[in-house]
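Each residue takes its place number in the sequence, starting with 1.
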Amino acid sequence: QLQLVESGGGLVQPGGSLRLSCAASRFTLDYYAIGWFRQAPGKEREGVSCISSSDSRTYYTDSVKGRFTISRDNAKNTVYLQMNSLKSEDTAVYYCAASKVFQPVPYEYDYWGQGTQVTVTS
């Protein structure tokens with residue numbers, strides 16, 4: 001079964017940084033668009049960022065533009081989400097997911113990781 005595993009979450013103060021990783025096993029990420037999603041308690045899952053498979057086009061939701069950067073290293077079969085200038089409202093469980101289409105909506109994604117908690121607090 002195809003698997004995605006997120007790592008890199010944790011507790012950070014406002015203004016701090018974290019880098020999330022999404023590693024794939026049993027399949028190659030090269031052929032998939034990869035999205036990062038987050039879900040805070042009591043809220044719907046939202047698309048944060050995604051990167052296309054072939055030409056590395058990127059998408060960012062407005063609230064993270066200029067602060068987050070998505071990238072992929074196909075040699076390592078891993079996608080990253082660099083998060084800078086973190087705010088308390090970034091607190092959520094972050095999930096990565098794989099899709100054959102480049103869209104920042106959860107229903108387009110077929111494979112999901114288990115999530116990693118990001119908590120931004122002073």
Determine whether Arg67 and Tyr60 satisfy the following criterion, side-chain contact (heavy atoms from CB on, under 4.5 Å), listing intermediate values before the conclusion. CA-CA 10 Å; Arg67 300 188 298 122; Tyr60 299 94; over 6 Å; no
Under 3.5 Å, is there a donor-acceptor pair between the side chain of [X] and the main chain of [Y]?
X	Y	answer
Glu6	Gln114	yes
Thr28	Asp30	no
Ser53	Ala33	no
Asp73	Thr78	no
Thr91	Val120	yes

Assert yes or no for the condition that the ring centre distance of Phe37 to Tyr109 is strictly below 6.0 Å.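 Phe37 vs Tyr109: aromatic centres under 6.0 Å.
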Describe, in one word, how the ring planes of Phe27 and Tyr111 are oriented to each other, choosing from parallel (under 30°), tilted (30 to 60°) and perpendicular (over 60°).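 Correct class here is tilted.
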Quick one: pull up OH in Tyr95 and CZ in Arg45 and give me the separation to the nearest 0.5 Å.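 Answer rounded to 0.5 Å: 4.5 Å.
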Any chance you could measure Ser54, atom OG, to Phe102, atom CZ, to the nearest 0.5 Å?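 Answer rounded to 0.5 Å: 9.5 Å.
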If you look at every heavy atom in [X] and [Y], which pair is closest and at what distance?
X	Y	answer
Val93	Gly115	CG1-CA, 3.9 Å
Ala92	Gln117	O-NE2, 3.4 Å
Arg72	Val79	CB-CG2, 3.8 Å
Gly9	Leu20	N-CD2, 3.6 Å
Ile70	Ile34	CD1-O, 3.9 Å
Leu86	Met83	CD2-CB, 3.8 Å

Residues, nucleotides or ligands: over 12 heavy atoms within 6.0 Å of Lys76 NZ: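 No.
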For Glu89, is the CD atom crowded, meaning more than 12 foreign heavy atoms sit under 6.0 Å from it?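 Counting neighbours around CD of Glu89, more than 12 heavy atoms of other residues, nucleotides or ligands fall under 6.0 Å, so yes.
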Beyond-backbone contact of Thr61 with Phe68, side-chain heavy atoms, under 4.5 angstrom: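 Contact flag for Thr61/Phe68 side chains = no.
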Close side-chain approach of Val64 to Arg38, heavy-atom, < 4.5 Å: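 Result yes, sub-4.5 Å side-chain heavy-atom pair found.
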Give a yes or no on whether [X] and [Y] share a hydrophobic cluster (residues Ile, Leu, Val, Met, Phe, Trp, Tyr; joining criterion: side-chain heavy atoms under 4.5 Å apart).
X	Y	answer
Trp36	Leu29	yes
Ile51	Leu2	yes
Tyr59	Leu81	no

side-chain contact (heavy atoms from CB on, under 4.5 Å) between Gln103 and Cys50, intermediate numbers included: CA-CA 7 Å; Gln103 290 289 342; Cys50 56; over 6 Å; no
Between Lys87 and Asp90, is there a side-chain N and carboxylate O pair less than 4.0 Å apart?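 The answer is no: the pair does not qualify as a salt bridge.
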Would you please name every residue forming a ring pair (Phe, Tyr, Trp, His ring centres under 6.0 Å) with Tyr31, sequence neighbours left out?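 Partners of Tyr31 under the ring pair (Phe, Tyr, Trp, His ring centres under 6.0 Å) test: none.
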